[in-house]
Novice: 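The structure's right below; bear with me while I get my questions together.
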Amino acid sequence: MAVARKAAVAAWLPCRSWGWAAVPFGPHCGLNTLLAPMPQRAPRWLPACRQKTSLSFLNRPDLPKLAYKRLKGKSPGIIFIPGYISNMNGTKALAIEEFCKSLGHAYIRFDYSGVGSSDGNLEESTVGKWRKDVLSIIDDLAEGPQILVGSSLGGWLMLHAAIARPEKVMALIGVATAADSLVTQFNQLPVEDFGRKTTFLYSA
């Protein structure tokens with residue numbers, strides 16, 4: 001009976017404990033590789049899952065307030081950068097939060113200005129403004145070195161953030177990163193739309 005019970009627990013725990021059965025982001029450079037596993041194999045997810053992340057707002061002079069949720073933890077921290085018009089409550093953002101909880105690492109997820117719970121008008125949003133949002137999160141909220149996880153359009157913004165803040169970004173993980181797609185679509189727009197498309201991409 002005791003042997004059967006241990007076997008059942010052993011079969012169940014790896015599915016719940018992301019510390020040693022993490023969902024991989026790549027063969028060699030996923031979060032599971034970047035965040036060194038703890039030597040002990042105790043089910044550390046149990047106390048970690050009790051942590052709560054409450055909605056907060058980052059106040060910025062002359063800029064929309066950004067809604068975010070932050071998980072306190074050890075370094076390096078992880079910042080999730082969502083895709084186009086995606087918010088911080090998507091499945092990828094929440095799954096990575098559970099992963100960070102299981103290892104005890106700091107984590108931040110947020111909404112772009114004009115999206116989700118953040119202030120601002122979506123019709124006035126540009127990639128340049130969302131780039132500024134990402135930098136605000138890095139500059140004003142993140143502590144110590146960070147791993148940026150960019151999904152879709154967030155991958156493009158992740159690359160720009162890494163160039164702008166090389167001293168704070170230690171690694172990048174792209175999830176269906178859409179950097180080349182954005183440039184391709186930009187170049188395919190008609191010449192008469194050049195002013196409008198330039199404003200969308202680069203206006204701060």
Novice: The criterion is ring pair (Phe, Tyr, Trp, His ring centres under 6.0 Å); which residues satisfy it with F110, sequence neighbours excluded?
Specialist: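 If we apply the ring pair (Phe, Tyr, Trp, His ring centres under 6.0 Å) test to F110, skipping adjacent residues, the hits are Y112.
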Novice: Any non-hydrogen side-chain atom of L58 less than 4.5 Å from a side-chain atom of Y68?
Specialist: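 They are in contact (side-chain heavy atoms under 4.5 Å apart), so the answer is yes.
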Novice: Quick check for you: to the nearest 0.5 Å, what is the distance between L66 atom CG and I137 atom CD1?
Specialist: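 Interatomic distance, L66 CG to I137 CD1, rounded to 0.5 Å: 5.0 Å.
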Novice: Is a side-chain N or O of S151 found less than 3.5 angstrom from the main chain of G154, in a donor-acceptor match?
Specialist: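 It does not hold such a pair.
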Novice: So which heavy atom on V134 is nearest to which on A161, and how close?
Specialist: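 What the structure gives for the nearest pair is CG1-CB, 3.8 Å.
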Novice: With sequence neighbours excluded, what pairs up with D111 under the salt bridge (Lys or Arg N to Asp or Glu O under 4.0 Å) test?
Specialist: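 Not a single residue meets the salt bridge (Lys or Arg N to Asp or Glu O under 4.0 Å) criterion with D111.
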Novice: Around E167, counting heavy atoms of other residues, nucleotides and ligands shown, do more than 12 lie under 6.0 Å from its CD?
Specialist: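 Yes, the 6.0 Å shell around CD holds more than 12 heavy atoms from other groups.
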Novice: Flag the pair R60 and D133 as a salt bridge only when some basic side-chain nitrogen lies within less than 4.0 angstrom of an acidic carboxylate oxygen.
Specialist: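 So R60 pairs with D133 through a salt bridge.
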Novice: Check A142 against I79 and note the closest heavy-atom contact, atom names and distance.
Specialist: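 Smallest interatomic distance, heavy atoms only, reads CB-CD1, 4.0 Å.
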Novice: Please test W156 against W130 for side-chain contact (heavy atoms from CB on, under 4.5 Å), starting from the C-alpha separation and ending with a verdict.
Specialist: CA-CA 11 Å; W156 171 263; W130 287 339; over 6 Å; no
Novice: Hey, could you give me each pair passing salt bridge (Lys or Arg N to Asp or Glu O under 4.0 Å) that has a residue in residues 76-89? Not counting sequence neighbours.
Specialist: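 The answer is none; no pair qualifies.
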Novice: Can you see which heavy atom on L94 is nearest to which on N89, and at what distance?
Specialist: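 Nearest pair, atom of L94 first, then N89: CD1-O, 3.6 Å.
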Novice: Quick one: closest heavy-atom pair of I138 and K168, and the distance?
Specialist: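 Result for this residue pair: O-NZ, 2.8 Å.
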Novice: Sorted by first residue and then second, give each salt bridge (Lys or Arg N to Asp or Glu O under 4.0 Å) pair with at least one member in residues 148-166; sequence neighbours left out.
Specialist: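 Listed by first then second residue: D139-R165.
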Novice: Donor-acceptor check, side chain of S136 to backbone of K132, threshold 3.5 angstrom: yes or no?
Specialist: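 Yes; judged by distance alone, with no hydrogens or angles, the pair exists.
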Novice: Is there a donor-acceptor pair closer than 3.5 Å between any side-chain N or O of K65 and the backbone N or O of S113?
Specialist: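 No, the answer is negative, given that no donor and acceptor are paired below the 3.5 Å cut-off.
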Novice: Would you compute the distance between atom CG of L172 and atom CD1 of I147 and round it to the nearest 0.5 angstrom?
Specialist: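 Here the rounded value is 9.5 Å.
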Novice: Once salt bridge (Lys or Arg N to Asp or Glu O under 4.0 Å) is applied, what residue pairs with a partner in residues 77-93 remain, sequence neighbours excluded?
Specialist: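 Found none.
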Novice: Apply side-chain contact (heavy atoms from CB on, under 4.5 Å) to the pair I81 and L148, showing each step before the final yes or no.
Specialist: CA-CA 7 Å; I81 306 174; L148 304 185; 4.3 Å; yes
Novice: With rounding to the nearest 0.5 angstrom, report the OG to CD distance, S75 to E143.
Specialist: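 Here the rounded value is 9.5 Å.
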Novice: Rounded at 0.5 Å granularity, tell me how far CZ in R109 sits from CZ in R70.
Specialist: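 Separation between the atoms: 13.5 Å.
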Novice: Can you tell me how far CZ of R131 sits from OG1 of T126, rounded to the nearest 0.5 angstrom?
Specialist: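 One gets 11.0 Å once the value is rounded to the nearest 0.5 Å.
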Novice: So, taking the atom named CE in M158 and the one named CG in L153, what distance separates them when rounded to the nearest 0.5 Å?
Specialist: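 One finds 11.0 Å between CE of M158 and CG of L153.
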Novice: Specify the closest pair of heavy atoms between C100 and A106, including all atoms of both residues, with the distance to one decimal.
Specialist: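 Closest approach of C100 to A106, heavy atoms only: SG-O, 4.3 Å.
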Novice: Check for a donor-acceptor pair, side chain of Q146 on one end and backbone N or O of G144 on the other, with a separation under 3.5 Å.
Specialist: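 It does hold such a pair.
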Novice: Just by distance, do the side chain of H105 and the backbone of P76 share a donor-acceptor pair under 3.5 Å?
Specialist: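 Judged by distance alone, yes, a pair lies under 3.5 Å.
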Novice: Using a side-chain heavy atom cutoff under 4.5 Å and only I, L, V, M, F, W and Y, what cluster partners does L55 have?
Specialist: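 F57, M88, listed by chain and number.
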Novice: Side chains of I96 and Y107, heavy atoms from C-beta outward: is any pair under 4.5 Å?
Specialist: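 Result yes, sub-4.5 Å side-chain heavy-atom pair found.
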